[in-house]
Amino acid sequence: MGAGAGVVIEQLRQGLPAEAVLTDPDVTAAYARDQAGFCPAGTPGVVVLPRTVEQVRHVMRTATATRTPVVPQGARTGLSGGANASDGCIVLSLVKMDRILEISPVDRLAVVEPGVVNADLSRAVAAHGLSYPPDPSSWEECTIGGNIGTASGGLCCVKYGVTAEYVLGLDVVLADGRLLSTGRRTAKGVAGYDLTRLFVGSEGSLGVVVRAVLALRPEPPRSLALAAEFPTVEAACDAVCRIMGGGGGVDGAGRGGGDPAHTPALLELMDRTTLRAVNDLTRMGLPETTEALLLAGFDTPDAAADLAAVAGLCKAAGATEVVPAEDAAESELLLAARRSALVALDRVKGTTMIDDVCVPRSRLADLLKGVAAVADRNGLTIGVLAHAGDGNSHPTVCFDASDPDEAARARASFDEIMALGLELGGTITGEHGVGLLKKEWLARELGPVGLELQRGVKQVFDPLGLLNPGKLF
């Protein structure tokens, strides 16, 4: 801490309740990191848990006056090290700011504090016949503030889009304690630069979100799903292209085949390695010849008809078995395999490193083939589960963390997959963020001009470099 730990803590206590300032090292250590591996974490100097906007402003004014770094945090479910503490920092945990301030069915919006849990918001708006579509896999734990910080996604992104598309406006406490309001409550609005979108995905490096205005949608019908088994990942990816681009698949330029395209509510893929792990965990009984499993779901008024059409496309692409659900309960059983995938892969070697690479849908097969080659070269088990409908895949490296050589090969394979994603015209992260884990790769993706401009934006909002230092770039 720039002014000394004692001075900073004393100043914080002047504007915060005693219970909101945590200094016991055994307690503050629990706030040191998120769920990412291979990312260093420092020792917090103090952890604060404000409940009001004014208390957050006091924290930031204190940080600026004492030149103390601040690391904003939500539920710490992130996978990139973006919430990891730096030595001597103030960890600013926003989990106590957890009120849903307003739900407006007429304006189809909700106003929430950053500590609101995603699933709690979804359940609250469902009581009004509305939905908040972004659904990260950690939705029962992750907070809206964290979702905004990382621009997170989820299974339904193929139809409904990611968090950024639902953030209408924000209240943000800046590094010096000033309060900035961005955006709107209206259905449309194009006044000035879009500062709201700038904060979404900024990982707490530009300001601290203390209130969000979120767009809502009418609650859709219950989804129906199908599962399709394929003898190769190429066939499964061909089915994805047929579903999204028209029944004839795609040509070398990524053009569709001319038949009507479909808009599933979810379109998920699991490769052979992931399926074997899920089979071992759940005893699903999938045939050993299944190399890829595709799950498609529709929440349209005539979901059964959509499933029938997609079943035909899967069979045309080479599916060996297609199992459509007859009702929502059967659909949930089919999707249980996808939801258990990460737990199943964790059991393979004890440690997993989850990648997050997004490529054009037309290159998804190339990515999966490339990941298999990376696994072979490094002598590792790498399972792939993908939001296939939007090209966002999660190659998951399984390794023994107690074996230094194997851990080094796991890190090397991670980097090879990053390089492959960029080579295929993709991006290093579709929904997990950059944090510490992908700093080097962000620089490669942006290029020198892009990196210079992004650092310039950071300088405008945080000239002293106090907010989440060392993250992104």
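None of the values given here were measured: they were computed from a predicted structure.
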Arg222 atom CZ, over 12 foreign heavy atoms within 6.0 Å: no
Please name the pair of heavy atoms, one in Ala239 and one in Leu294, separated by the smallest distance, quoted to 0.1 Å. CB-CD2, 4.0 Å
Validation row: Leu267, Met244 side chains within 4.5 angstrom (heavy atoms): yes
Using modelled atom types and a 3.5 Å cut-off, is there a donor and acceptor pairing between side-chain atoms of Thr263 and backbone atoms of Lys159? no
To the nearest 0.5 Å, tell me how far Glu431 CD sits from Thr163 OG1. 9.0 Å
Evaluate the salt bridge (Lys or Arg N to Asp or Glu O under 4.0 Å) criterion for residues Asp405 and Arg409: first the C-alpha distance (whole Å), next the side-chain angles of each, then the deciding distance (0.1 Å), finally the verdict. CA-CA 6 Å; Asp405 177 66; Arg409 283 184 279 124; 3.0 Å; yes
If you round to the nearest 0.5 Å, how far is CD of Gln454 from CG of Leu206? 9.5 Å
Geometric class of the His394/His432 ring pair [parallel <30°, tilted 30-60°, perpendicular >60°]: parallel
Any idea which heavy atoms bring Cys142 and Ala75 closest together, and the distance? CA-CB, 4.1 Å
Mark yes or no for whether Asp280, through its side chain, and Ala344, through its backbone, hold a donor-acceptor pair below 3.5 Å. no
Quick one: CZ on Arg242 to SG on Cys314, what's the gap to the nearest 0.5 Å? 9.5 Å
Taking side chain as C-beta onward, heavy atoms only, is Leu170 less than 4.5 Å from Val213? no
Should Lys438 and Asp355 count as an ion pair when the cut-off is N to O under 4.0 Å? yes
One should read off an interatomic distance between Leu307 CG and Asp302 CG, to the nearest 0.5 angstrom, of 9.5 Å
Any Lys/Arg nitrogen of Arg339 or Glu332 sitting under 4.0 Å from an Asp/Glu carboxylate oxygen of the other? yes
Report the C-alpha distance between Leu92 and Gln73 in whole Å, list the side-chain angles of each, state the deciding distance to 0.1 Å, and finish with yes or no for side-chain contact (heavy atoms from CB on, under 4.5 Å). CA-CA 6 Å; Leu92 174 53; Gln73 286 185 353; over 6 Å; no
Closest heavy-atom pair and its distance - Phe199, Gly207: CE2-N, 3.9 Å
I would like to know whether Glu140 and Arg123 meet salt bridge (Lys or Arg N to Asp or Glu O under 4.0 Å); could you show each step before the answer? CA-CA 11 Å; Glu140 288 282 6; Arg123 284 188 279 265; 3.2 Å; yes
Using modelled atom types and a 3.5 Å cut-off, is there a donor and acceptor pairing between side-chain atoms of Ser331 and backbone atoms of Ala225? yes
Distance check, rounded to the nearest 0.5 Å: Arg108 atom CZ versus Leu214 atom CG? 15.5 Å
Decide side-chain contact (heavy atoms from CB on, under 4.5 Å) for Phe461 and Leu198; before the verdict, give the C-alpha distance in whole Å, the side-chain angles of both, and the deciding distance to 0.1 Å. CA-CA 11 Å; Phe461 283 88; Leu198 182 63; 3.7 Å; yes
Rounded distance [0.5 Å steps], CG in Asn468 versus NZ in Lys458: 7.0 Å
Which pair of heavy atoms, one from Val434 and one from Ile428, lies closest together, and at what distance? CG2-CD1, 4.4 Å
Within the side chain of Thr352, is there an N or O that forms a donor-acceptor pair under 3.5 Å with the backbone of Asp346? no
State whether the side chain of Tyr132 and the backbone N or O of Ala119 hold a donor-acceptor pair below 3.5 Å, judged by distance alone. no
Quick one: is the NZ or CZ of Arg76 closer than 6.0 Å to the six-membered ring centre of Tyr31, and within 45° of its axis? yes
Evaluation steps, side chain to side chain donor-acceptor pair (under 3.5 Å), between Glu229 and Thr290: CA-CA 6 Å; Glu229 301 171 25; Thr290 301; 3.1 Å; yes
Determine whether more than 12 heavy atoms belonging to other residues, nucleotides or ligands lie under 6.0 Å from atom NZ of Lys349. yes
Looking at every non-hydrogen atom in both residues, tell me the closest pair between Ala41 and Ala32 and how far apart they are. CB-O, 3.5 Å
For side chain to side chain donor-acceptor pair (under 3.5 Å), just list the numbers for Ser413 and Asn378, CA-CA rounded to whole Å, side-chain angles, deciding distance to a tenth of an Å, and then say yes or no. CA-CA 7 Å; Ser413 69; Asn378 290 282; 5.1 Å; no
So, are Arg211 and Asp171 salt-bridged, with charged N and O less than 4.0 Å apart? yes
Glu416/Arg377 ion pair, N-O < 4.0 Å: yes
Please name the pair of heavy atoms, one in Pro40 and one in Leu436, separated by the smallest distance, quoted to 0.1 Å. O-CD1, 3.3 Å
Passes side chain to side chain donor-acceptor pair (under 3.5 Å), Asn147 versus Asn118? Steps please. CA-CA 8 Å; Asn147 295 168; Asn118 185 294; 3.0 Å; yes
Take a 6.0 Å sphere around CZ of Arg99 and say whether it holds more than 12 heavy atoms from other residues, nucleotides or ligands. no
Give a yes or no on whether a salt bridge exists between Arg411 and Asp415, defined as a side-chain N under 4.0 angstrom from a carboxylate O. yes
